[in-house]
Asks: 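First, the structure itself, so that you have it in front of you.
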Number of protein chains: 2
Amino acid sequence: MTTTTYQVTGMTCGHCEGAITREVSQVAGVQRIDVSAATGRLAVTSAGELDDAAVLAAVEEAGYSGVRA
Amino acid sequence: MTTTTYQVTGMTCGHCEGAITREVSQVAGVQRIDVSAATGRLAVTSAGELDDAAVLAAVEEAGYSGVRA
């Protein structure tokens, strides 16, 4: 199990957290997502190595921008 | 056609506007909803007289609080 952390810009509320969670949960291998609008922190736990580009594309798909922390 | 205006507290983003819109659109007689997270203004257009209590209950159901403006 690996946890990879990203910093996301633009979340303001629980709906935003939900939108991120829905998109990122579709990335291959993702097993757990912890996301906080208050801090902008997105922690993604996966069985194997995570595809950063896929995670960041999912974040953008949800309407936000992110970088690997 | 009557437009009734409410002031809603707690919206921060477009998702919040969407949540309010979904709930308030279920109130009897509602024909149009204009809502802004930026100003907190909710304008509800209806054919006849609007049931304020039903609108404010819908706002609370969405997770916010409102008052007739």
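Letters A, B, ... mirror the listed sequences (proteins, then strands); counts begin at 1.
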Asks: Is any residue of residues 6-19 of chain B within less than 4.5 Å of chain A by heavy atoms, and which ones?
Replies: B:Thr12, B:Cys13, B:His15, B:Cys16, B:Ala19

Asks: Going by side-chain heavy atoms closer than 4.5 Å, which hydrophobic residues are tied to B:Met1, directly or by a chain of links?
Replies: none

Asks: What residues of residues 21-48 of chain A sit under 4.5 Å from chain B when only non-hydrogen atoms are counted?
Replies: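 So far as heavy atoms go, nothing in residues 21-48 of chain A approaches chain B to under 4.5 Å.
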
Asks: Taking salt bridge (Lys or Arg N to Asp or Glu O under 4.0 Å) as the definition, give me every residue that meets it alongside A:Asp52, ordered by chain and number, with sequence neighbours left out.
Replies: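 Result, salt bridge (Lys or Arg N to Asp or Glu O under 4.0 Å) vs A:Asp52: A:Arg68.
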
